[in-house]
Amino acid sequence: LGKMYDIGRGVPQDFAKAIKWYKKAADQGVAIAQYNLGDMYYYGVGVPPDFSIAIKWYKKAADQGDVNSQFILGHLYSIGRGVPQDYVTAMKWYKKAADQGDARAQFNLGGMYFKGQGVPEDYATAIKWYKKATNQGHADAQYNLGHIYFNGLGVPQDYTTGLKLYNKAATQGHASAQYNLGLTSE
């Protein structure tokens with residue numbers, strides 16, 4: 001019922017009623033309601049934005065295995081929004097989401113290993129996570145992995161593989177991949 005009021009499906013859109021119904025379900029431990037309530041507070045939909053309340057609901061949902069909440073918590077800790085920036089905690093939440101197959105979390109884990117954020121720099125592990133995201137069609141992961149192969153970062157330099165990955169990203173509209181392909185065709 002909360003979602004119906006939230007998006008106006010079958011009833012007039014009413015954020016106050018959506019929050020009321022999300023809260024009832026969230027208080028009973030329904031993870032998707034906890035996630036949706038977190039979003040309402042995070043984005044200030046029907047209520048003033050309140051990161052601390054949003055994070056409380058995201059954590060409740062994430063602790064129950066809600067992949068979107070796990071990803072969002074990873075993101076919030078990685079950038080320090082509503083919580084102190086903490087790469088180790090960001091990695092924990094990203095890993096939980098990545099282990100459930102979330103390509104966004106796999107990509108972000110790859111980036112954290114590549115840059116050494118919260119862990120020592122580790123190209124091999126970065127490549128592992130980028131490959132998982134790439135296999136799901138994640139354009140940014142395809143681009144980053146293409147860059148790694150094209151430039152031989154932690155792997156033997158392989159222009160062919162790098163170009164294939166750039167091409168996959170470029171066909172999805174990835175501007176940097178398109179630019180790099182343009183440079184190589186001159």
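Tested against Phe107 for a ring pair (Phe, Tyr, Trp, His ring centres under 6.0 Å), the candidates Tyr130, Tyr113, Tyr94 yield a single pass: Tyr130.
Clustering of Ile, Leu, Val, Met, Phe, Trp and Tyr side chains at separations under 4.5 Å leaves Val88 isolated, with no partner residue.
In this structure, the side chains of Trp21 and Asp6 stay at 4.5 Å or more apart for every pair of heavy atoms. A heavy-atom distance below 4.5 Å is found between the side chains of Arg81 and Tyr42. You'll find the side chain of Leu37 stays beyond 4.5 Å of the side chain of Lys56, heavy atoms only. Residues Gln136 and Gln106 form a side-chain contact, since some pair of their non-hydrogen atoms from C-beta on lies under 4.5 Å apart. At least one side-chain heavy atom of Tyr149 sits less than 4.5 Å from a side-chain heavy atom of Val155. Counting heavy atoms from C-beta outward, Val83 and Leu73 have side chains that stay 4.5 Å or more apart. Contact check for Val119 versus Met91: side-chain heavy atoms found under the 4.5 Å cut-off.
How far NZ of Lys132 is from CG of Asp99: 7.5 Å, rounded to the nearest 0.5 Å. Distance check, rounded to the nearest 0.5 Å: OG1 of Thr161 to CG of Leu145 gives 9.0 Å. The CG atom of Asn36 sits 8.5 Å away from the OG atom of Ser69 when rounded to the nearest 0.5 Å. Of the inter-residue distances, the one linking Ile79 atom CD1 with Gln85 atom CD reads 8.5 Å to the nearest 0.5 angstrom. Taking CG of Asp102 as the reference point, atom NE2 of His138 lies at 8.5 Å (rounded to 0.5 Å).
A distance-only check finds no donor-acceptor pair linking the side chain of Gln70 to the backbone of Trp93 [under 3.5 Å]. For Asn167 (side chain) and Leu163 (main-chain N/O), no donor-acceptor pair under 3.5 Å exists by modelled atom type. In this structure, the side chain of Gln142 does not engage the main chain of Leu165 through any donor-acceptor pair within 3.5 Å. No donor-acceptor distance shorter than 3.5 angstrom exists from the side chain of Asn151 to the backbone of Leu153, with no hydrogens or angles considered.
Scanning both residues, Phe15 and Gly46, for their nearest heavy atoms gives CB-CA, 3.7 Å. Nearest heavy atom pair, residue Ala90 against residue Met112, reads CB-CE, 4.1 Å. Residues Ala105 and Ala98 come closest through the heavy atom pair CB-N, 3.6 Å. The nearest pair of heavy atoms linking Ala139 to His174 is O-CD2, 3.9 Å. The two residues Gly38 and Ala54 come nearest to each other via the heavy atoms O-CB, 3.3 Å. Closest approach of Thr184 and Leu181 over heavy atoms only: OG1-O, 2.8 Å.
Under the 4.5 Å side-chain heavy-atom criterion for Ile, Leu, Val, Met, Phe, Trp and Tyr, Met4 and Val30 are members of distinct hydrophobic clusters. Cluster membership for Leu76 and Tyr35, using ILVMFWY side-chain heavy atoms within less than 4.5 angstrom, is shared. Criterion: ILVMFWY side-chain heavy atoms under 4.5 Å apart, direct or through other members. Under it, Tyr43 and Tyr5 are not part of a common hydrophobic cluster. Cluster annotation: Phe51 and Met40 are assigned to the same hydrophobic cluster (Ile/Leu/Val/Met/Phe/Trp/Tyr, side-chain heavy-atom contacts under 4.5 Å, transitive). The hydrophobic cluster containing Ile148 does not contain Tyr166, counting ILVMFWY residues as joined when their side-chain heavy atoms lie under 4.5 angstrom apart, directly or transitively.
When the ring pair (Phe, Tyr, Trp, His ring centres under 6.0 Å) test is applied to Tyr159, the partners found at least two apart in sequence or on another chain are Phe150. Tyr179 is linked by a ring pair (Phe, Tyr, Trp, His ring centres under 6.0 Å) to nothing, counting only residues two or more places apart in sequence or in another chain.
Ionic pairing of Asp27 and Lys23 is present here: one or more N-O contacts between side-chain nitrogen and carboxylate oxygen are shorter than 4.0 angstrom.
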